[in-house]
Amino acid sequence: MIGKLAKVAGIFSEALRDAALFLRFNSYSPFADKSKRAFYKIIIEAHTIEKGLSLQQPRLLFGKDKVRFVMNALSRYDIGHSPVPAHMSLGALEAYLNFHAQAGASDPLLDEISAYLKQWEARLPKPWKGGTRDYSFNGQAAGDLQHLIASRSSVRTLSNAPIEPDRILEVIALAQQAPSQCNRQATRVHTYQDPARIRELLALQGGSRGFADSVGNLFVVSSEICAWGGPGQRNQAYVDGALFAMCLLLACRSMGWGACPLNLAIDHRTESAIRRAGGIPDGERLILMIAFGEPSAPDTKVAFSPRRPPAEIATLHA
């Protein structure tokens, strides 16, 4: 009994430490490194431009506030910290400009972007690694793991036709090869194909504007809380669930489907609302959603989403 009480007390203690650590280092904290904060904020906002351009029918002059924010923030950013946000932003702005040129659109904002890009050309020569890139569902080498991983991208141009249950179970079976702590296999996959229910779930998630109507198949990945016990395992549901979700995305790619992960960075009230709407038991923590389906066309556009050089994220310890 005393041992169980100690574990319960440890959960509260670790939760307080988690909260203190997050308050100290989160992106709103005045104590967090300014260059790091700027790095992530610029990348997040530049990616919203990329995502808009990757839709089937982007709205003309979408995201004006985002475009101006990116230009202003990048002007203040120290690219000595990392050139990745600059590449991503400038590539996205150039693609934004090209899209409107092809559409024959004109607006003072487009003139601002053009002048802004000219200022950067000498400072950071082209090609800029941002915007969108071509993405094909043909000629895949499903047995080539290197190709499979390197070619995966978030696809937002999906057919809303429901996929056969047997094929869905096939990709879930592939994803089950994901490692799980002590082989617990606590991850659960809730699949939806009813249009009204999918719309309700996506509205609660809030990150699929512009392509929600094309989603005819939706996964919600969760993890059973009862698989974990004690303060040391308080975050393990998310680790196991994320490993499974990555395998699920790769399995979708291997089948020639498009798939787009949708984060569930939400509060408890929204999580409860999603559980109710999706018929998900209270004892499961939600990890993320994945919109998936057959591609709407053999070729499409996806966000460029440039990756940082490995040397920027790797610390090679002796």
Side-chain angles (χ1 to χ4, degrees), residues 6-7 10-11 13-44 46-47 73-74 76-91 123-125 127-130 133 141 143-154 175-187 221 223 227-251 253 261 263 265 285 287-288 303-318:
K7 285 188 175 182
I11 291 171
S13 174
E14 293 300 323
L16 289 173
R17 289 169 185 263
D18 287 341
L21 193 65
F22 189 74
L23 288 171
R24 169 67 178 80
F25 290 106
N26 83 88
S27 62
Y28 296 108
S29 170
F31 304 109
D33 182 275
K34 290 183 179 179
S35 293
K36 288 183 180 180
R37 284 192 296 170
F39 174 95
Y40 290 114
K41 183 61 176 173
I42 293 170
I43 279 184
I44 290 167
H47 189 52
L74 187 58
R76 300 190 302 270
Y77 175 71
D78 176 13
I79 63 170
H81 178 72
S82 170
V84 173
H87 271 291
M88 187 169 177
S89 299
L90 297 172
R123 189 176 175 190
L124 189 67
W128 295 319
K129 301 172 184 176
R133 58 185 175 85
D144 183 347
L145 182 60
Q146 185 176 6
H147 170 83
L148 187 68
I149 294 172
S151 68
R152 190 213 64 81
S153 191
S154 296
Q176 284 182 288
Q177 300 308 308
S180 175
Q181 188 190 61
C182 297
N183 199 32
R184 276 175 170 81
Q185 302 183 65
T187 304
V221 179
S223 183
W228 318 102
Q233 296 178 7
R234 65 195 182 282
N235 297 319
Q236 201 62 34
Y238 299 103
V239 176
D240 267 32
L243 287 168
F244 181 94
M246 187 69 250
C247 286
L248 190 56
L249 289 167
L250 291 174
R253 174 60 173 155
N263 78 75
R285 292 312 306 259
I287 311 299
L288 81 168
F304 196 107
S305 301
R307 295 316 195 234
R308 303 176 74 168
E312 279 194 13
I313 67 169
T315 302
L316 305 179
H317 299 276

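Note that this is a predicted model, so its numbers are computed, not measured. Note that the numbering runs from 1 along the sequence shown for the chain.
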Rounded distance [0.5 Å steps], CG in D240 versus CZ in R285: 15.0 Å
Taking every non-hydrogen atom, the tightest pair across L249 and R152: CB-CD, 4.1 Å
In short, R184 meets A227 closest at the heavy-atom pair NE-O, 2.6 Å
Could you tell me if the side chain of F304 sits less than 4.5 Å from the side chain of M88, heavy atoms only? no
Euclidean distance, Y77 OH relative to K41 NZ, rounded to 0.5 Å: 15.0 Å
Least distance between heavy atoms, P85 atom then I42 atom: CB-CG2, 3.8 Å
Between Q185 and S180 the two heavy atoms that sit nearest each other are N-OG, 2.9 Å
Rounded to the nearest 0.5 Å, what's the gap from CD on E312 to CZ on F39? Could you check? 6.0 Å
Measure the shortest side-chain to side-chain distance between H81 and K36 over non-hydrogen atoms and say whether it is less than 4.5 angstrom. yes
Gap between atom CG of L74 and atom NE2 of H87 - 0.5 Å precision: 11.0 Å
For the pair R253 (side chain) and I149 (backbone), establish whether a donor and an acceptor sit closer than 3.5 Å, ignoring hydrogens and angles. no
Between CZ of R37 and CG of N26, what distance do you get to the nearest 0.5 Å? 9.0 Å
Roughly how far, to the nearest 0.5 Å, is the CD atom of Q176 from the SG atom of C247? 10.5 Å
In short, I287 meets A242 closest at the heavy-atom pair CG2-N, 4.0 Å
Verify, without hydrogens or angle tests, whether S29 (side chain) and R24 (backbone) share a donor-acceptor contact under 3.5 angstrom. yes
Minimum-distance pair of heavy atoms, taken over all atoms of P306 and G130: CD-CA, 4.4 Å
Scan L248, L243, L250 and name whichever one has a side-chain contact (heavy atoms from CB on, under 4.5 Å) with M246. L250
